[in-house]
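Shown next, in structure tokens, is the structure this report addresses.
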Amino acid sequence: MTNNLKKYFSILLFLIGFILGASWYRYRVYPFYTIKNYLSLQNSKLVKYTKNTYIFSDRIYINFSDDSRLEGMYLIQVPRHCKKTLIVNAKKKISIFRLIMSKNIDKFSKWQKTNIKVEIQGYSGTHDTVITKKFPAGKIILANYEWVFAPVLIETESPNNISFHFE
């Protein structure tokens, strides 16, 4: 009887551990969310933008618009819900384009609205407005004013003119 009791106790302990582990993972209890967020920022990269380029590093969202004026620019792919400040270091003057939701345009009052059409559909809204601003060479701080990251495209001669990191 003692051996059977040990078996049942071992099985019960295993099931409790399994359920706790699955719940911990499912509800992103610390440290899983922190680790995932850190790793996704490490996967951020600079890519040449084309119509079928994924806009975010952790989602498969693309631009459904037929407007091709953004093609050939360099996209900084970051996680969709990145809340960090993006720091861009430019060796030469550049133009930065941000793809925002039209309901948030008032937060970008120092930027110029363009007539470039985009349509990046997400669960929480659609990025449908393109704004731009020219910057001289140097350190450029791009704060994120939305709870969903406003994608960044950079118009420059070469990707070697750009480096970036998060703070």
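Heavy atoms only: backbone and side chains are in, while hydrogens, waters and symmetry mates are out. Residue numbers start at 1 and run along the sequence shown.
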Asn4 CG to Tyr8 OH distance, which is reported to the nearest 0.5 Å:
5.5 Å

Phe9 reachable from Phe18 in the ILVMFWY side-chain graph, under 4.5 Å edges:
no

Taking salt bridge (Lys or Arg N to Asp or Glu O under 4.0 Å) as the definition, give me every residue that meets it alongside Asp67, ordered by chain and number, with sequence neighbours left out.
Arg69

Could you tell me which non-hydrogen atom of Ile120 sits nearest to which non-hydrogen atom of Asn63, and how far apart they are?
CG1-CA, 3.9 Å

Do you know which two heavy atoms are closest between Val118 and Ser65, and how far apart they sit?
CA-CB, 3.7 Å

Flag the pair Ile140 / Asn89 as yes when at least one side-chain heavy-atom distance between them is below 4.5 Å, and no otherwise.
no

Any Val152 side-chain heavy atom under 4.5 Å of Leu86 side chain:
yes

Rounding to 0.5 Å, atoms OH (Tyr61) and CD (Gln121) come to a distance of 10.0 Å

For the residue pair Ile96 and Leu142, establish whether any side-chain heavy-atom pair is separated by less than 4.5 Å.
yes

Between Leu46 and Tyr74, which heavy-atom pair has the shortest distance, and what is it?
CD1-CB, 3.7 Å

What residue pairs, at least two apart or across chains, pass salt bridge (charged side-chain N to carboxylate O under 4.0 Å, His left out) with a residue in residues 111-121?
none

Grouping I, L, V, M, F, W and Y whenever their side-chain heavy atoms are under 4.5 Å apart, do Leu99 and Ile62 come out in a common cluster?
no

Quick note, salt bridge (charged side-chain N to carboxylate O under 4.0 Å, His left out) partners involving residues 148-164, not counting sequence neighbours, are Lys92-Glu157

State the CD1-CZ distance between Ile154 and Phe164, to the nearest 0.5 angstrom.
8.5 Å

Minimal non-hydrogen separation, Pro79 against Ser57, with atom names:
N-OG, 3.2 Å

From Lys45 atom NZ to Leu75 atom CG, the distance as rounded to the nearest 0.5 Å
10.0 Å

Quick one: closest heavy-atom pair of Ala137 and Lys91, and the distance?
CB-O, 3.5 Å

I'd like to check Lys133 versus Gln112 (side-chain heavy atoms, cut-off strictly below 4.5 Å). Are they in contact?
no

Please work out whether the ring planes of Phe56 and His127 are parallel, tilted or perpendicular, with thresholds of 30° and 60°.
tilted

Between Asp128 (side chain only) and Ser102 (backbone N and O only), is there a donor and an acceptor less than 3.5 Å apart?
yes

Report the relative orientation of the aromatic rings in Trp111 and Phe108; use parallel for angles under 30°, tilted for 30 to 60°, perpendicular for over 60°.
perpendicular

Set of salt bridge (Lys or Arg N to Asp or Glu O under 4.0 Å) partners for Lys93, sequence neighbours left out
none

Spacing of CD1 belonging to Ile100 relative to OG1 belonging to Thr126, to within rounding of 0.5 Å:
13.0 Å

Any link between Val130 and Phe64 through a network of hydrophobic side chains (Ile, Leu, Val, Met, Phe, Trp, Tyr) touching at under 4.5 Å?
no

Between atom CD1 of Ile55 and atom OG1 of Thr53, what is the distance when rounded to the nearest 0.5 Å?
7.0 Å

Between Thr132 and Phe97, is there a donor-acceptor pair closer than 3.5 Å when you use the side chain of the first and the backbone of the second?
no

Hydrophobic cluster mates of Ile87, side-chain heavy atoms under 4.5 angstrom, ILVMFWY only, any path?
Ile141

List in chain and number order the residues that pass ring pair (Phe, Tyr, Trp, His ring centres under 6.0 Å) with Tyr54, two or more places apart in sequence or in another chain; answer none if no residue qualifies.
none

Other residues, nucleotides and ligands only: do more than 12 of their heavy atoms fall within 6.0 Å of CD1 on Ile60?
no

Are the side chain of Arg98 and the backbone of Ala150 linked by a donor-acceptor contact shorter than 3.5 Å?
yes

Run the numbers on Leu13 and Ile11 for side chain to side chain contact (heavy atoms under 4.5 Å, CB included), then give the verdict.
CA-CA 5 Å; Leu13 196 60; Ile11 291 171; over 6 Å; no

